[in-house]
Amino acid sequence: MSEESIDIQRLEEAIFVKKAEGTEVNYFLYPEFEVHRNKLSSGVIQGWHAHQIVEEVITCTDGTFTVEVIENGSLISIVVEQGDVVRVKKSIHRLVNQSNTAAEFIVFRFVPTGKNQQEKIKLDKREYTKGEIAELLNR
């Protein structure tokens with residue numbers, strides 16, 4: 001496929017790691033960002049950590065988990081449910097699964113530029129007419 005086409009990485013192509021605390025991660029690595037597919041089994045508690053440069057955005061796809069954050073000398077706990085999106089920024093945080101079932105989530109990791117890209121993102125879609133599609137398909 002060409003550079004402008006799609007790129008599909010199959011689950012079996014991902015780098016799989018089961019971390020010591022129990023988090024299961026499938027790593028999909030790209031030059032400008034990473035996507036991680038995570039499973040947090042019941043009772044798993046990740047270690048406290050923060051990111052200096054990398055930004056993480058987490059989308060819960062199944063189950064629930066708790067994000068714990070240390071802020072201004074206090075522990076803040078936020079329950080994350082299916083469909084929620086969490087931006088952890090540079091917080092000191094960890095993920096905890098206090099439920100009886102596994103939680104699954106996708107982590108998008110990237111290095112932010114500090115520039116507001118909302119207009120570019122919003123306007124970056126070109127729609128094609130039926131005629132243009134027929135021409136592209138050589139019909």
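Values reported hereafter were calculated over all heavy atoms of this structure, with side chains retained and with hydrogens, waters and symmetry mates removed. Note that the numbering runs from 1 along the sequence shown for the chain. Since this is a predicted model, take the numbers as computed values, not measurements.
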Query raised in the report: Would Ile58 and Val69 show up in the same hydrophobic cluster when neighbours are defined by side-chain heavy atoms closer than 4.5 Å?
Result: yes

**Report entry** Check ion pair Lys130-Glu132 (N to O, under 4.0 angstrom)
**Finding:** no

Requested in this report: Provide the closest heavy-atom pair for Asn26 versus Phe16 in the form atom of the first, atom of the second, distance.
Outcome: OD1-CD1, 3.5 Å

Requested in this report: Indicate the atoms forming the closest heavy-atom contact of Pro112 with Ile53, along with that distance.
Outcome: CD-O, 3.5 Å

Requested in this report: Quick one: which residue pairs count as a ring pair (Phe, Tyr, Trp, His ring centres under 6.0 Å) with a foot in residues 91-124, not counting sequence neighbours?
Outcome: His49-His93, His51-His93, Phe65-Phe105

Query raised in the report: Can you list the residues that meet the side chain to side chain contact (heavy atoms under 4.5 Å, CB included) rule with Ile133, with sequence neighbours excluded?
Result: Tyr128, Leu136, Leu137

Requested in this report: Give me the other members of the hydrophobic cluster that Tyr27 sits in, counting Ile, Leu, Val, Met, Phe, Trp and Tyr linked by side-chain heavy atoms under 4.5 Å, directly or via other members.
Outcome: Ile15, Val17, Val25, Leu29

Query raised in the report: Does the pair Glu13 and Leu11 meet the rule for a side-chain contact (heavy atoms from CB on, under 4.5 Å), with working shown?
Result: CA-CA 5 Å; Glu13 297 172 310; Leu11 182 58; over 6 Å; no

Report task. Could you pull out all residues at least two apart from Lys120 that satisfy side chain to side chain contact (heavy atoms under 4.5 Å, CB included)? Result -> Gln117

Report summary line: The salt bridge (Lys or Arg N to Asp or Glu O under 4.0 Å) partners of Arg10 (sequence neighbours excluded) come to none

Requested in this report: Please check if Leu95 and Ile70 belong to a single hydrophobic cluster, counting links between Ile, Leu, Val, Met, Phe, Trp and Tyr side chain heavy atoms closer than 4.5 Å.
Outcome: no

Query raised in the report: Is there a side-chain contact between Lys125 and Leu123, using heavy atoms and a 4.5 Å cut-off?
Result: no

Sequence neighbours excluded and cut-off under 3.5 Å, please list the side-chain donor-acceptor pairs for residues 72-90, or say none.
unit_1	atom_1	unit_2	atom_2	d
Gln82	NE2	Thr61	O	3.3
Asp84	OD2	Glu81	N	2.8
Arg87	NE	Glu55	OE2	2.4

Requested in this report: Please list, chain by chain and in numerical order, all residues satisfying salt bridge (Lys or Arg N to Asp or Glu O under 4.0 Å) with Lys122, sequence neighbours excluded.
Outcome: Glu119

Report summary line: On a heavy-atom basis, the closest approach of Trp48 and Glu68 is CZ3-O, 3.4 Å

Counting only pairs under 3.5 Å, give me each side-chain donor-acceptor contact of residues 32-44, with atom names and distances, residues two or more places apart or in other chains.
unit_1	atom_1	unit_2	atom_2	d
Glu34	OE1	His36	NE2	2.6
Glu34	OE1	Arg109	NE	3.4
Asn38	ND2	His36	O	3.3
Ser42	OG	Ser99	O	2.5

Report task. Output the distance between atom OG1 (Thr64) and atom CG (Asn97), rounded to the nearest 0.5 Å. Result -> 6.0 Å

Query raised in the report: Is there any salt bridge (charged side-chain N to carboxylate O under 4.0 Å, His left out) pair reaching into residues 71-80, and which pairs are they, with sequence neighbours excluded?
Result: none

Report task. Scan for side-chain hydrogen bond (donor to acceptor under 3.5 Å, both in side chains) pairs involving residues 14-24, sequence neighbours excluded, and state none if there are none. Result -> Glu21-Thr23, Thr23-Gln46

**Report entry** Interatomic distance, Glu104 atom CD to Thr59 atom OG1 [nearest 0.5 angstrom]
**Finding:** 13.5 Å

